Q: 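Quick one: the structure is below, and I'll ask about it shortly.
Fair warning: this is a prediction, and the values are worked out from it, not measured in the lab.
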Amino acid sequence: MTAQNPLVSLVYSSSATHPFGDDQLAELLTVSRSRNSARDITGMLLYRRGEFVQILEGARSDVESLMATIGRDPRHRDIRVLLEEPLHDRRFAEWTMGYQSLAAAEPAMAEGYRDSFDDLRVGDHDMIGRAIMELTLWFRVRESVG
């Protein structure tokens, strides 16, 4: 990265215009991973009941270009950038698009289970930042164990 094009992390949420099944999510991930690898973008994707939360890391111009593409994607609506910040080091350097399904067998599942992303859509910047960091930590721990 350069001073003119620094490394950034951008977190956004969106709603799917229609529910995604496992096959549709697998196809989305295959295409996203290939394109992200070509752009040197890393990150993670979470999907739950028609809602997406995604963290993108890369050069500012590449992340902005990808967000413009996502903004035109008819599968998304209500796209909201929740957080954008400079990075010194990538948090997801190994993943062109890490993914976790947030489905649980029972609503009262173990610690870390999230019923929704509502806390990411409301509240102040600090509260949103804490919720995103908790999601990031949860994801990284699950990936390292899996």
Q: How close do Ile79 and Ile70 get, heavy atom to heavy atom, and via which atoms?
A: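 Taking every non-hydrogen atom into account, CD1-O, 3.5 Å.
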
Q: Holding to ring pair (Phe, Tyr, Trp, His ring centres under 6.0 Å), I want the full list of residues that pass it with His88, two or more places apart in sequence or in another chain.
A: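 Residues passing ring pair (Phe, Tyr, Trp, His ring centres under 6.0 Å) with His88: none at all.
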
Q: For Val63 and Gly58, which heavy atoms make the closest approach, and how far apart are they?
A: CG2-N, 3.6 Å

Q: How close do Thr42 and Phe92 get, counting heavy atoms only, and between which atoms?
A: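 Heavy-atom minimum between the residues: CB-O, 3.1 Å.
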
Q: Decide yes or no for Glu85 and Val11: does some side-chain heavy atom of the first lie under 4.5 Å from some side-chain heavy atom of the second?
A: no

Q: For Arg35, what residues pass the side chain to side chain donor-acceptor pair (under 3.5 Å) criterion, not counting sequence neighbours?
A: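 Listed in chain order: nothing, the list is empty.
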
Q: Asp78 versus Ser14: any side-chain heavy-atom pair under 4.5 Å?
A: no

Q: Has the side chain of Asn5 got a donor or acceptor atom that lies under 3.5 Å from a matching backbone atom of Ala59?
A: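 No.
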
Q: Between CG of Leu83 and CD1 of Ile55, what distance do you get to the nearest 0.5 Å?
A: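 Nearest 0.5 Å value for the CG-CD1 distance: 8.5 Å.
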
Q: Would you say the side-chain atoms of Tyr47 pair up with the backbone N or O of Phe20, donor to acceptor, closer than 3.5 Å?
A: yes

Q: Is a side-chain donor or acceptor of Thr17 paired with a backbone partner of Pro74 at a separation under 3.5 angstrom?
A: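 Such a contact is found between Thr17 side chain and Pro74 backbone.
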
Q: Residues in side-chain contact (heavy atoms from CB on, under 4.5 Å) with Glu27, at least two apart?
A: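 Glu27 satisfies side-chain contact (heavy atoms from CB on, under 4.5 Å) with no other residue.
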
Q: If every non-hydrogen atom of Arg60 is compared with every non-hydrogen atom of Val8, which pair is closest and at what distance?
A: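 Smallest interatomic distance, heavy atoms only, reads NH2-CG1, 3.3 Å.
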
Q: Can you check side-chain contact (heavy atoms from CB on, under 4.5 Å) on Leu45 and Phe52, steps first, answer last?
A: CA-CA 7 Å; Leu45 175 68; Phe52 289 102; 3.5 Å; yes

Q: Counting N and O atoms only, with roles assigned by atom type, does the side chain of Thr69 sit under 3.5 Å from a partner on the main chain of Ser65, one being a donor and the other an acceptor?
A: yes

Q: Considering only heavy atoms from C-beta outward, does the side chain of Leu56 approach that of Ser9 to under 4.5 Å?
A: no

Q: If I compare all heavy atoms of Glu57 with all of Arg90, which pair ends up nearest, and what's the gap?
A: O-NH1, 3.2 Å

Q: Is Arg75 close to His18 at the side-chain level, that is, under 4.5 Å between some pair of heavy atoms?
A: yes

Q: Give the minimum heavy-atom separation between Met67 and Leu10, together with the two atoms involved.
A: SD-CD2, 3.5 Å

Q: Verify, without hydrogens or angle tests, whether Ser32 (side chain) and Leu28 (backbone) share a donor-acceptor contact under 3.5 angstrom.
A: yes

Q: For the atom pair CG (Asp62) and CD1 (Ile41), what is the distance rounded to the nearest 0.5 Å?
A: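 Nearest 0.5 Å value for the CG-CD1 distance: 5.5 Å.
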
